[in-house]
Amino acid sequence: MTIYLESDTAKVSINEFGAELSSFILKETGVEYIWQANPNYWGRHAPVLFPIVGRLKKNTYTYKGQPYRMNQHGFARDMMFDVIEQDACSVVFELTSNQETLEKYPFEFRLLIGYKLIDNELTTSYEVSTLSDEMYFSIGAHPAFNVPLIEGTTIEDYYLHFYPLKSRIKIPLKGAYINSESKTLAQTNTSIQLNHGLFKEDAQILETKGKNIFSILSEKHPHGVRVSYEKFPFVGFWSPNTVDAPFICIEPWCGIADDVSASGAIEEKIGINKLSKGDIFNRSYTIEII
């Protein structure tokens, strides 16, 4: 089932399966900003990454010495959520642990994902809580944006703008895993012209602190998209490196793939979040279309 939200200026569609944003259209122009999941390139729109972000070494982790298996980005993106609140411009989805999840993730959890549309801005919120004595988890976003946005333009007609304009730490990948010992300084103190060569070595991953706004813009027309957030320590920029795909992902993360030297213990995982019973974890980010 698809949930529809609408404001005076925009329309949004969200699938109950995965609580996944699938469309964000500006009414005045009819421009679609979200990638429409053509499987020839990548068959998703904007999956929610939970309870891990990225890949585990050998798709395996341990908790208190007990091994568990989990595929890249976790399981929430492939599960049906329940709608627990809804009105014309907002909706809240719920996913809770069950026997299936406990076999691969030994924590009782409640995950709420909220969407609120105001004019041309969509805010996505995450709320995580647990009934377990402790819980280790990651959560992140993976929205894909159409690039090019307008017929007659190419990816090279667009650029990635960073706010604030300052250098950030870049975390390189070695295969599917991060190599934290080889961090470098990324030149995000200036805009970067987009091209498919940026992703020849897979995702570009940055450490982020404070408030960040990442925009995809063009000098050929006034349309673009902005992703803004606080309190997400990482961001990934991604497009498939095997095909010249017509989309770019901007991905705020509270978590990251295993390091090449990871022990496998979830308690020691880089970027992992810990909750105790009664604690609540909240984060949100906003997509603005122009």
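- Remark: Lys274 engages Glu134 in a salt bridge, criterion side-chain N to carboxylate O under 4.0 Å.
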Evaluate side-chain contact (heavy atoms from CB on, under 4.5 Å) for Leu275 paired with Phe107, printing each intermediate quantity in order. CA-CA 10 Å; Leu275 279 178; Phe107 305 104; over 6 Å; no
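- Taking 4.0 Å as the cut-off between side-chain N and carboxylate O, Asp258 and Arg55 do not count as a salt-bridged pair.
- Atoms CE and OG, on Met135 and Ser129 in that order, are 8.0 Å from each other to the nearest 0.5 Å.
- With hydrogens and angles disregarded, no donor-acceptor distance shorter than 3.5 Å links the side chain of Arg283 to the backbone of Phe232.
- Remark: His223 NE2 to Ile289 CD1 distance equals 10.5 Å, nearest 0.5 Å.
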Residue pair Val83, Ile3: steps toward the side-chain contact (heavy atoms from CB on, under 4.5 Å) verdict: CA-CA 9 Å; Val83 176; Ile3 302 298; 4.1 Å; yes
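- Looking at His142, its side chain never comes within 3.5 Å of a backbone N or O of Val48 through a donor-acceptor pair.
- Hydrophobic clustering, with ILVMFWY side chains joined whenever heavy atoms are under 4.5 angstrom apart, keeps Tyr136 apart from Phe234.
- Within the 4.5 Å cutoff, no side-chain heavy atoms of Asn179 are placed close to those of Tyr177.
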Step by step, work out the side chain to side chain donor-acceptor pair (under 3.5 Å) result for Glu156 and Thr154. CA-CA 5 Å; Glu156 289 81 8; Thr154 67; 3.1 Å; yes
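- To the nearest 0.5 Å, atoms CZ (Phe24) and OH (Tyr115) are separated by 11.5 Å.
- With contacts defined as side-chain heavy-atom distances shorter than 4.5 Å, the pair Glu121/Thr123 does not qualify.
- The environment of CD in Glu201 is sparse: at most 12 heavy-atom neighbours from other residues, nucleotides or ligands sit within 6.0 Å.
- The heavy-atom pair separating Ile287 from Pro143 by the smallest distance is CD1-CB, 4.3 Å.
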Test side-chain contact (heavy atoms from CB on, under 4.5 Å) applied to Gln36 and Ile34, step by step: CA-CA 6 Å; Gln36 290 302 289; Ile34 298 298; 4.3 Å; yes
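- At most 12 non-hydrogen atoms from other residues, nucleotides or ligands lie less than 6.0 angstrom from CD of Glu28.
- A donor-acceptor pair under 3.5 Å is formed between the side chain of Ser132 and the backbone N or O of Glu108.
- In this structure, the side chains of Leu95 and Asp82 stay at 4.5 Å or more apart for every pair of heavy atoms.
- Under a 3.5 Å cut-off, the side chain of Ser22 and the backbone N or O of Ser13 do form a donor-acceptor pair.
- Val243 and Ile155 fall into different hydrophobic clusters, where Ile, Leu, Val, Met, Phe, Trp and Tyr are joined by side-chain heavy atoms under 4.5 Å apart, directly or via other members.
- By the neighbour-count criterion of 12 heavy atoms within 6.0 Å, atom NZ of Lys269 is densely surrounded, having more than that number from other residues, nucleotides or ligands.
- In plain terms, the two heavy atoms of Ile139 and Val128 that are nearest each other are CD1-CG2, 4.2 Å.
- Here the shortest heavy-atom pairing between Ser180 and Ile270 reads OG-CD1, 4.0 Å.
- Annotation for Phe281 and Cys254: closest pair CZ-SG, 3.9 Å, computed over non-hydrogen atoms.
- For the pair Asn146/Tyr33, no side-chain contact is recorded, criterion being any heavy-atom separation below 4.5 Å from C-beta on.
- Interatomic distance, Asn282 CG to Lys231 NZ, rounded to the nearest 0.5 Å: 9.0 Å.
- Proximity of a side-chain donor or acceptor of Arg77 to a complementary backbone N or O of Ala46 within less than 3.5 Å is not detected.
- Taking the side chain as every heavy atom from C-beta outward, Met70 and Pro51 approach each other to under 4.5 Å.
- Phe81 and Leu117 fall within the same hydrophobic cluster, where Ile, Leu, Val, Met, Phe, Trp and Tyr residues are linked whenever their side-chain heavy atoms come under 4.5 Å apart, directly or through other members.
- In the hydrophobic cluster analysis, where Ile, Leu, Val, Met, Phe, Trp and Tyr join through side-chain heavy atoms closer than 4.5 angstrom, Tyr105 is grouped apart from Ile256.
- With contacts defined as side-chain heavy-atom distances shorter than 4.5 Å, the pair Ser138/Trp253 does not qualify.
- The distance from atom CD of Glu251 to atom CD1 of Ile205, rounded to the nearest 0.5 Å, is 8.5 Å.
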Side-chain polar contacts of residues 163-172 - donor-acceptor pairs under 3.5 angstrom, sequence neighbours left out - could you list them?
{"unit_1": "Arg168", "atom_1": "NE", "unit_2": "Asn212", "atom_2": "OD1", "d": "3.1"}
{"unit_1": "Arg168", "atom_1": "NH1", "unit_2": "Pro164", "atom_2": "O", "d": "3.3"}
{"unit_1": "Arg168", "atom_1": "NH1", "unit_2": "Lys166", "atom_2": "O", "d": "3.2"}
{"unit_1": "Arg168", "atom_1": "NH1", "unit_2": "Thr188", "atom_2": "OG1", "d": "3.1"}
{"unit_1": "Arg168", "atom_1": "NH2", "unit_2": "Tyr163", "atom_2": "O", "d": "3.3"}
{"unit_1": "Arg168", "atom_1": "NH2", "unit_2": "Pro164", "atom_2": "O", "d": "2.9"}
{"unit_1": "Arg168", "atom_1": "NH2", "unit_2": "Asn212", "atom_2": "OD1", "d": "3.0"}
{"unit_1": "Lys170", "atom_1": "NZ", "unit_2": "Gln204", "atom_2": "OE1", "d": "3.0"}

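- Side-chain atoms of Lys220 never come within 3.5 Å of backbone atoms of Thr153 as a donor-acceptor pair (strictly under, hydrogens ignored).
- In this structure, the side chain of Ser7 engages the main chain of Ala10 through a donor-acceptor pair within 3.5 Å.
- The neighbour count for Lys211 NZ, taken as heavy atoms of other residues, nucleotides or ligands under 6.0 Å away, does not exceed 12.
- Between the side chain of His45 and the main chain of Trp35, a donor-acceptor pair closer than 3.5 Å is present.
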Test ring pair (Phe, Tyr, Trp, His ring centres under 6.0 Å) applied to Phe109 and Phe50, step by step: CA-CA 11 Å; Phe109 68 85; Phe50 176 88; 5.2 Å; yes
Stepwise side-chain contact (heavy atoms from CB on, under 4.5 Å) test for Phe93 and Gln86: CA-CA 9 Å; Phe93 297 90; Gln86 184 182 0; over 6 Å; no
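- Of the possible polar contacts, none joining the Lys11 side chain to the Ser23 backbone as a donor-acceptor pair under 3.5 Å is found.
- Among all heavy-atom pairs drawn from Leu111 and Ala76, the shortest one is CD2-CB, 4.4 Å.
- Within the model, atoms OG1 of Thr62 and CD1 of Ile266 stand 8.5 Å from one another, a figure rounded to the nearest 0.5 Å.
- Minimum interatomic distance between Thr190 and Phe162 (heavy atoms only, all atoms of both residues): O-CD1, 3.3 Å.
- Contact of the Ile248 side chain with the Phe145 side chain is not registered, since no non-hydrogen atoms from C-beta on lie closer than 4.5 Å.
- More than 12 non-hydrogen atoms from other residues, nucleotides or ligands lie less than 6.0 angstrom from CG of Asn40.
- Looking at Asp78 and Arg44, a side-chain N of the basic residue comes within less than 4.0 Å of a carboxylate O on the acidic one, giving a salt bridge.
- Ile84 has its side chain within reach of Leu112: a pair of non-hydrogen atoms, C-beta onward, lies under 4.5 Å apart.
- For Ser239 (side chain) and Phe247 (main-chain N/O), a donor-acceptor pair under 3.5 Å exists by modelled atom type.
- Both Val12 and Val227 sit in one connected hydrophobic cluster of ILVMFWY residues. Membership requires side-chain heavy atoms under 4.5 Å apart, directly or through other members.
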